[in-house]
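Data first, discussion second: the structure below is written as structure tokens.
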2 protein chains.
Amino acid sequence: METALDMTFAALADPTRRRILTMLLEDDMAVTDVAEPFDISLAAVSKHLGILTRAGLISQEKRGRVKWCKLEPDALKAASVWMQGFGQFEPVNLDAFEQFLGDLLGEGRGEDPSP
Amino acid sequence: METALDMTFAALADPTRRRILTMLLEDDMAVTDVAEPFDISLAAVSKHLGILTRAGLISQEKRGRVKWCKLEPDALKAASVWMQGFGQFEPVNLDAFEQFLGDLLGEGRGEDPSP
DNA sequence: GCCATCGTCAACCAGACGGTTGAATATGGA
DNA sequence: TCCATATTCAACCGTCTGGTTGACGATGGC
């Protein structure tokens, strides 16, 4: 049986999907617009969005002929809580977050969760 | 290129590996002892431990003929920080954590990160 | 009504994943 | 020295994953 936590972490394991999530952090987007910055087919992006939707990380609503994608941050909450159960590190503060973003730059681009 | 975040989330996506992490939360363990509660082969557990090690979530140290596995919670920190970048939910408090554990019971066993 | 646009579906492919088994490599104890 | 214990390695298997392409169903503009 595949639990919610399984699906959440599996969804987050792909860099394309994480990048999509950070894009949606700024604003809701249509599928075509989500796909625009990527070098893969629209069908591939559509699959990624399906995985994110099944994991509950985003929701999709069709208005007219365009389907809008919206971030659902509450799904991240469960995963975040799971990790914090390990509790051996203090709640994250903004300073640590900024520093982490700096570290990230050396590792790969398009990962940053903030504008 | 496979980033650290890729490996962390992929490692967390498997329920066997999450259960191993919660076991190691209580104490360091030898590979054989880690494998004991599982219905899979020792070799399979050894592979899981390799994945957790490569993701930096645990470390392994050989003392004598037994290899000890130790939780490395700092690796979870990066992933936790990434998620908190979405910041639309407040830092987790203990009450929410207890409630979450309650919710989890209906979903699958062996997932709980606390004793 | 017609055509372009938005998005998904279906079939396919290469490669990774989780598991198995059996052999191999330490190491410790008698 | 010999044997049992602890762990990994290597080869293999079925299934899932991320990608492609081409055809297809809706919807909106003209």
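Every chain is numbered from 1, with letters handed out A, B, ... down the list of sequences.
Qualifying side-chain hydrogen bond (donor to acceptor under 3.5 Å, both in side chains) partners for A/Ser59, counting only residues two or more places apart in sequence or in other chains: A/Glu72. In this view, B/Glu36 satisfies the side-chain hydrogen bond (donor to acceptor under 3.5 Å, both in side chains) rule with no residue, not counting sequence neighbours.
B/Leu49 contributes atom CG, which lies 4.5 Å from atom CD1 of B/Ile58 (distance to the nearest 0.5 angstrom).
Hydrophobic cluster membership for A/Trp68: A/Val66 (Ile, Leu, Val, Met, Phe, Trp, Tyr linked by side-chain heavy atoms under 4.5 Å, directly or transitively). Think of B/Ile51 as one node in a network of Ile, Leu, Val, Met, Phe, Trp and Tyr side chains linked at under 4.5 Å; it has no links at all.
At whole-Å resolution of the value, CH2 in B/Trp68 and C1' in C/dT27 are 15 Å apart. One can place CZ of B/Phe38 at 17 Å from C1' of C/dT20, the figure rounded to the nearest angstrom. What separates CE of B/Met7 from C1' of C/dA16 is a distance of 15 Å, to the nearest Å. For the pair B/Leu52 CG and C/dG18 P, the interatomic distance rounds to 10 Å; values are reported in whole Å. Going from atom NE2 of B/His48 over to atom P of C/dG18 covers 6 Å, rounded to whole Å. Atom CD of A/Glu2 and atom P of C/dG18 are 12 Å apart (whole Å). To the nearest angstrom, P of C/dT5 lies 14 Å from CG of A/Asp33.
B/Arg17 places a side-chain N or O within donor-acceptor distance of the main-chain N or O of B/Ala11, the cut-off being under 3.5 Å. In this structure, the side chain of B/Ser46 does not engage the main chain of B/Leu42 through any donor-acceptor pair within 3.5 Å. Here the side chain of B/Ser80 pairs no donor or acceptor atom with the backbone of B/Leu76 at under 3.5 angstrom. For the pair A/Thr8 (side chain) and A/Ala4 (backbone), a donor-acceptor distance under 3.5 Å is present.
Of the two residues near DNA chain D, A/Gly64 and B/Val66, the one whose nearest nucleotide lies more 5' is B/Val66. Remark on DNA chain C: of its neighbouring residues A/Lys62 and B/Thr16, the 5'-side contact belongs to A/Lys62, judged by nearest-heavy-atom nucleotide.
A nucleotide of DNA chain D counts as in contact with chain B when one of its atoms lies under 4.0 Å from a heavy atom; the first and last such, 5' to 3', are D/dA4 to D/dA11.
Close to C/dG18, at under 4.0 Å from its OP1 or OP2, lies a side-chain N or O of B/Arg17.
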Dump every N/O contact between nucleotides 8-15 of chain C and the protein below 3.5 Å, one line per pair.
residue: C/dT8; atom: OP1; partner: A/Lys67; partner atom: NZ; Å: 3.0
residue: C/dT8; atom: OP2; partner: A/Ser46; partner atom: OG; Å: 2.3
residue: C/dT8; atom: O5'; partner: A/Ser46; partner atom: OG; Å: 3.4

